[in-house]
Amino acid sequence: MRSGFIYEIVKNRYLYLLALPGILFLLIFAYMPMLGHLLAFQNYRLSDGLFGSEWVGFKNFEFFFGSKDWLRVTWNTVFLNGLFLVFGLGTAVVLAVLLNEVTGKWFKKTAQSFVFLPYFISWLVVSMMVQTMFSSTEGMMNQALTALGSEGVDWYLTPSVWPYILTFVYVWKVAGYNSIIFLASITGISSEYYESAKMEGASRFQQIIYITLPLLRPIIIIMTLLGIGRIFYGDFGMIYAIIGDVGVLFPTTDVIDTYAYRALRQMGNFSMSSAIILYQSFMGLIAVIFFNWLARKIDPDSRLF
Amino acid sequence: MRERFFLGFVYVLLTFFALICFIPFWIVLINSFANETVIQTSGYQLFPTSFSLDAYAMLLSGNQVFRSYGVTLFVTTTGTVLGVLLTASFAYVLSHPKVKYRHVLSFLTFFTMLFGAGLVGFYMLIANWLGLKDSLWALILPYLLNPFYAFILVSYYRSLPYELNEAATVDGANDIHIFFRVIWPISLPAIATVALFYALQYWNDWYLSLLFIDNYKLHPLQMMIRQLMSNLNAMSYVGGSQTDYNIMIPTYGMQLAIVCITIGPIVFVYPFVQKYFIKGMTLGSVKG
Amino acid sequence: MRMKRWISFSLVLLLILSIAVGCSKTSDEKTAPATASESPKGDQAAGTKLEPVTLKIMIPGDRPPDMDLVIAEAERRMKDTINVKLDIVFVPWADLSQKTQVTLASGENIDLIFDAPWLHINQMIADGFYEPLDDLLAQYGKNVLEKRPQQMWDANKYNGKIMAVPLGLVYGTGNSYVVRKDLREKLGIPPIKTNKELIDFAYKVKEQVPGIAPFMAAGTSGQQTYSIVGQRSQFDYDTHVRFTHALGSSLMLYYKNNDGKVYNLLEDREPVMSWLKDARQMYKDGLVYKDILTAKDFFQPFLSGKVAVVTKGSFGTGLSFDQQFKSNVPGGDLETVTFFDGTKGANISNFKQWNFLAVPKVSKNKERAVMFMDWANVKENYDLLSYGIPGKHWEPVGDMEYKQLDTKGYSAFGYVWVWNPIDERSDANRDKKYDEFDAVLRDADNFTKDVLTGFEFDSSAVQNDFSQYNTVEAKYYPALFNGVLDPEETLKKFEAEAGPSLKRIQQELQRQIDAFMAKK
C-alpha cells in the first residue's frame, strides 16, 4: 500500500509536522465547540446542559421559516453581500493596481495610508456621519439638493436607495484594507515579466491588462470564494448601526442577522439563535461547494479546496 | 504622451479616493478635540472652531488606561507573532503540491469559517475545560489561526514557482528548512500583510475579554473603553431611577476620541509593513 | 540564516513566556476555591469572628476609579464580624445579558448576581439557577427584610418564594414633558396645565418660531414608553391603560382599568386609537421633529435647542440635563410639565421592581452572601457602598440627603446591588419642585393595588409567536406610535402580518391571568 494514509504521512512527515500546530488548533478551538450547534435541535435549558436537554428536531427552525419574511431577509442578505463583494473586491483591486503604478514614493505612501484610515472608524461614528449626510432636516445631501433648486428627499423614508448607500459606505470602509492583500500579491509578481513586456513596447495600461490582472486572478478567485462562503451572514455591526430601528427601511435592508436579533432579543433563547446560524452556515456551504466546483473548471489552481 | 496622460489619470483617481477616505477621518480627528457644546449644537465641523481635551481627559483618567494599554500590547505582540508563525506554516502545507491531503485539509479549514463555534460550547471549552478564565491566554489562543488569512497565504504560496522548492530539495534540506529558509523570505509581502491583519484583530478585540476576563486589571484597552461607553447610557436601562450623575459627559466627543486612540497600532505597525510593498521583495532579488 | 536564528529565538522566548504566564494563572485559579470551601456552617452567628471568605459579585456598570478604596473600607468594617472579602466584577450594560447567561450556564462560582425582569430573571428562575432566599433571609437577613415594605416583598415573589432581593425605591414612574420655558414666555402663554394646552403651545411654536421643531419623543424601539402615544398613556387617569406582562412597553396588548382583562389593540381600539390619530395629526401638521425615528438619543435635539418639547421619564430634568442645555443654548430656559395626579389611590401599581440581586445555586457561600447583603442594608454601610467614602466622595446633609463631592472617583450606582427605600438619600442640590410627587411614588400606600399584583407570565408556550410578532412590531411600532405612519393603514398591515401571533399571545396571557385570579 504505497499510497496509503500512513505512507503519505511518513513520506511528508516534515510537512505534516509543520501543519500539526494548525491542525491541533482547529481540532480544539474550532471543531470541539462546534458540538454547540447541536442545541439548534434541542429545547436547550441551561440547567440541563448540552447532552441533557430534550431533543426537538426542527422545532427551533419554525419561528424563522414559519414567518412571511424569511425569504425576503434571505434575499436581502445575499443581495447586499453580493453588492459588497463585487464592488468591495473590485475597488480594492483597482486601488491596488493604481497604487502600484504610482512612481512618486511620497505620494504612494501617503495615499496608501489614507485609504486605510476608514477601516478604523467605528460603525457607531460612521452611522452618525451617514446621518449628517442624509437626515431630512439638516442633512448635507438635502442642503445640496435645495441649493441646486430641487426638492429635498426624505432619505430615511425611501428604502430603495439604501442598498446602494450601504454599498458605498462598505466599499469606502474596507476597500483600502482589502487592497493591501492585492498589493502584496502584486509585489510578489516577478519584475522580469514587466521588463520583457516593456521591451516589446507594451504600454502601462497594456501591462495591467495582460500581466497584472491575470496574475492576480487566483487571489481574486480565492477572495471571492471566501466571500461567498459567508454570503448568508449579514454584516450585523454595520447594518444595525446605520439602519438600526428605522422600520421603514427594513424591506430592503433587513438581513438575516438583524432579523434574528430582533426576533429573539428579549428571549435569550440559545436554541433558536443557533438554528439561524446553522441555516446560514449550511446555505453558505452549498453556495461555496458549487462555486468551488465552478472555479475548478475555470482554473484548477485557484480552487479553495 | 499617452503614458503621461495615463499616469496623470492614475494620480487624479487616487487623490480623489484618498481624499474621500481622509476627510471623514479628518472630521473625526478635529472634532475629537472640539467642545462638546459645539458638536451638539452645530454638528461635526470641517475646521476647528473650539478646542477642548475633555473627551481625552475622560477617557484617559486613572491608572486603568496604562494597565490596559500594557495588556493590549502584550496580547497583540504575542498573538501576532504566534498567529503568523502558525498560520504561515499551516498555509504552506495546504498549498504544497506534494501533500496529498491538502484539499481535504483546506476544506476542513474552510469549514470552520462557515460553521463558527456556538457561544455556549466555546465558553465552556475555554473557561471550564482549558481553565483559561482570567488568563491572558484566553485572549490569544482562540484567534491564532484565522482561515481567511490562511487562504490569503495559500494563494500567495501557490503563485511561487515550484522550482525553488525542488532546487532546495536536491540540496537535501527537509521541508521545514525549506519553508523557513527559502519560502518565508520571499513571501514576506504576504506574511507582512497577514501580520498586520493579526495585529489589528488582536488590537481591536473586546469580545474575548468580555467573556473570559473578570479581573479588571487584565482588561485590554478595547474592553475598558467598551465598559466606559456602555456605562454612559446606563440610564436607558434602568427605569424609575432618580439618580443623576451630575457631570456633563462629552459623549459625542468621546466616541470620536476613541477612534483616534484605537488607531494606535497602525501608527506603529503600518510603516513597517509598507516597506515590504514599496521595496518590492521580488524573486529576482532573492535569487541574486 | 539570520532569519532562522531569529525565529528560534522568538519561539523559545514565547515558550518561556507562555509557561510563566500559564503557570501563574493556574495557581491563582486554584487558591480561590480553596478559601471558598472553608466557608462556615450556617449555625454560626453573624456576631462572632468567621473565617475570611471572598464573595464574587457580578453587577453591571463601569468600575469607578476609587472602587478599591471603598472595598478596602468595607472589608475593614466587616473584618471583625462577617469577615467578607469582595471580588466585584463589573459587566458592561450592553453585554449584561450574554455575559451573565454564559457565566451561569457554565456553573462558575458566583455568590451574588444582578438580574432583572427586563433581563432574564424569569427564565433563570424557571431553569433553577437561583437559590430561594426565604429561610436564609429569615436567619441572616433581618435588615434586608425590614428595609423593604411588605407590599414590595409580596409583589416580587416567584411562585410564592423570594428568589431575589428587589432593589427599588418607587412603585410607579414619574413622567413629564420638558418644555422650553423661554419660548413659552416669549409667546405669551401661561404655564401649561393640560395636554390640550401643550399641543396648542406646539402649534404656536410651529407658527411663530421658525427653525425650531415643536415636538420630540423617543423613536427607537427600546424606548417606546417615551414615544408620543406611550407618554400620553402614562397620564391616562380615565381608563388606566397599562403595559402588559407579555409585551413589555408595547401597547399592542394592554390592560385597562383594573379588570384583569387583556385588550388587543387590533380589536379593542379605544382609547389608544384616538391617541394614535392625534399623534398622526401632529406629525402631518409638521409639529414633530422630522428625524424622530433616526435620532439615537432623543434628548439630543432638545439639548441643542432644536426642539421645544420633549418627553421625559421623570418629574424633573436633573442637573446634568440642565447644565448641558444651558451651555448649548445660552439664554434658554426649561421647565417640566407633568399631568401626574398625586392624590391617594389615583395611580395603580403592581409594586413590581425593576432590579434584583440573586444568589446563584452554585454559590458555595450562600450564608455569607446573605450576611453581606444584610450588612449592606445597615445605614452607614449602605451609605458607603452607595456614595463612597464620606468626606471624600460625599457628605451627608441630614439623614435623607447628601452632597456629592467627587463623582468622578465614585458615582452612585446603588440600584444594582443595595437600593432600598429607607436608606436611599436624595441629592441636596436637586430641583425640589417635585419632591411632593416623588414622595408619592415612594410610598406604597398611595397606590391602588393592581389585581394582577404578584402575577408572572410564562412565555414558553408562545415562543414562536413572540419571535414572529417581535419582528413585525419593530417594523411598525415606533413609526406608528409617533405619528409617522397612518394608524388605520398601518394597523391593517400589522394585522395581516402579525395578527394571529398577537392573538395567540393575548390568549395565552389571558389564560394564565384567569388561572392566577382563580387561585386567589
Side-chain angles (χ1 to χ4, degrees), chain A residues 8 12 14-15 17-19 21-22 25-26 29-30 32-37 39 95 98 101-102 105 108-109 111-118 120-122 124-125 129 132 172 176 180-181 183-185 187-188 190-192 203-205 218-219 222 226 229 270 274 281 284-285 301 304-305, chain B residues 2-3 6 10 13-14 17-18 20-22 24-25 28 43-44 86 89-90 92-93 96 98-100 103 106-107 109-110 112-115 117-118 120-122 125 142 144-145 148 151-152 155-156 158-159 174-176 179 189-190 193 255-256 259 262-263 270 274 277-278 280 282-284:
Chain A
E8 160 75 9
N12 291 321
Y14 289 112
L15 282 169
L17 195 65
L18 211 50
F25 173 90
L26 288 178
F29 288 96
M32 264 166 60
M34 232 181 252
L35 283 176
H37 286 306
L39 55 89
L95 213 54
L98 293 185
E101 291 302 315
V102 167
K105 241 188 182 173
K108 188 173 179 170
K109 267 195 167 176
Q112 228 183 69
S113 306
F114 279 13
V115 298
F116 205 3
L117 287 175
F120 291 92
I121 303 182
S122 59
L124 192 69
V125 174
M129 287 180 169
T132 14
W172 167 79
I180 295 180
I181 299 169
L183 209 58
S185 297
T187 322
S190 165
S191 50
E192 289 161 18
S203 73
R204 278 169 165 275
F205 186 69
I219 180 81
I222 286 220
L226 290 172
F270 283 129
S274 292
S281 317
L285 183 65
D301 258 1
L304 198 53
F305 46 80
Chain B
R2 261 199 15 233
E3 290 291 273
F6 177 72
V10 167
L13 216 62
L14 272 179
F17 196 84
I20 289 184
C21 291
F22 179 69
F25 180 73
V28 168
Y44 296 147
L86 187 78
S89 49
F90 185 66
Y92 178 66
V93 180
H96 204 295
K98 246 169 52 184
V99 177
K100 191 176 142 198
H103 295 309
S106 296
F107 179 77
T109 310
F110 182 65
T112 64
M113 210 174 141
L114 288 175
F115 290 79
V120 181
F122 181 63
L125 169 81
L144 277 184
L145 177 57
F148 186 80
F151 283 111
I152 293 174
S155 151
Y156 191 90
R158 278 184 192 163
S159 74
N174 71 37
D175 288 304
I176 296 181
F179 173 67
T193 307
Q255 278 158 358
L256 304 178
V259 173
T262 49
I263 213 152
Y270 200 50
Q274 240 179 2
F277 305 143
I278 289 178
T282 53
L283 297 182

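Quick note: numbers below take in every heavy atom, side chains included, and nothing from hydrogens, waters or symmetry partners.
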Trainee: Using a 3.5 Å distance criterion without hydrogens, assess whether the side chain of A:Asn12 forms a donor-acceptor pair with backbone atoms of B:Lys98.
Mentor: yes

Trainee: Using atom types as modelled and distance alone, determine if a side-chain donor or acceptor of B:Ser155 lies under 3.5 Å from a backbone N or O of B:Phe151.
Mentor: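 Here the side-chain-to-backbone pair does not exist.
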
Trainee: Counting heavy-atom pairs under 4.5 Å with chain B, which one of A:Gly284, A:Pro33, A:Ser185 comes out on top?
Mentor: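 Among the listed options, the one with the most contacts to chain B is A:Pro33.
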
Trainee: Measure distances from B:Ile152 to the heavy atoms of chain A and classify the residue's part below 4.5 Å as side chain, backbone, both or neither.
Mentor: both

Trainee: Which region of B:Leu86, side chain (C-beta onward) or backbone (N, CA, C, O), has a non-hydrogen atom less than 4.5 Å from a non-hydrogen atom of chain A, or is it both or neither?
Mentor: side chain

Trainee: Heavy-atom distances under 4.5 Å only: say whether B:Phe122 touches chain A with side chain, backbone, both or neither.
Mentor: both

Trainee: Under 4.5 Å, counting heavy-atom pairs only, tell me which of A:Thr132, A:Leu17, A:Leu95 racks up the most with chain B.
Mentor: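 With the most close heavy-atom pairs to chain B, the winner is A:Leu95.
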
Trainee: Side chain from CB out, backbone as N, CA, C, O: work out which of these in A:Leu226 comes under 4.5 Å of a heavy atom of chain B, or both, or neither.
Mentor: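 For A:Leu226, backbone and side chain are both near chain B.
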
Trainee: Do you know which of A:Trp172, A:Phe25, A:Phe29 has the most heavy-atom pairs with chain B at a distance under 4.5 angstrom?
Mentor: A:Phe25

Trainee: Chain A: which of B:Asn174, B:Ile20, B:Leu125 shares the most heavy-atom pairs with it under 4.5 Å?
Mentor: B:Asn174

Trainee: Return the orientation label for the A:Phe114 and B:Phe22 ring planes: parallel under 30°, perpendicular over 60°, tilted otherwise.
Mentor: parallel

Trainee: Centres of the B:His103 and B:Phe107 rings: under 6.0 Å?
Mentor: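 No, the ring centres sit 6.0 Å or more apart.
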
Trainee: Looking only at heavy atoms and a cut-off of under 4.5 Å, which of A:Leu15, A:Leu26, A:Val102, A:Leu98 has the most pairs with chain B?
Mentor: A:Leu15

Trainee: Please confirm whether the backbone N or O of B:Phe6 pairs with a side-chain atom of A:Arg204, one donor and one acceptor, at under 3.5 Å?
Mentor: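 It does not hold such a pair.
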
Trainee: Give the member of A:Ser203, A:Gly229, A:Ala30 that has the highest number of heavy-atom pairs under 4.5 Å with chain B.
Mentor: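 Top option by heavy-atom pairs under 4.5 Å: A:Ser203.
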
Trainee: What part of B:Ile176 gets closer than 4.5 Å to chain A, counting heavy atoms only: side chain, backbone, both or neither?
Mentor: both

Trainee: Is it the side chain or the backbone of B:Phe148 that comes within 4.5 Å of chain A heavy atoms, both, or neither?
Mentor: both

Trainee: Please check: side-chain N/O of A:Ser281 versus main-chain N/O of B:Leu114, any donor-acceptor pairing under 3.5 Å?
Mentor: yes

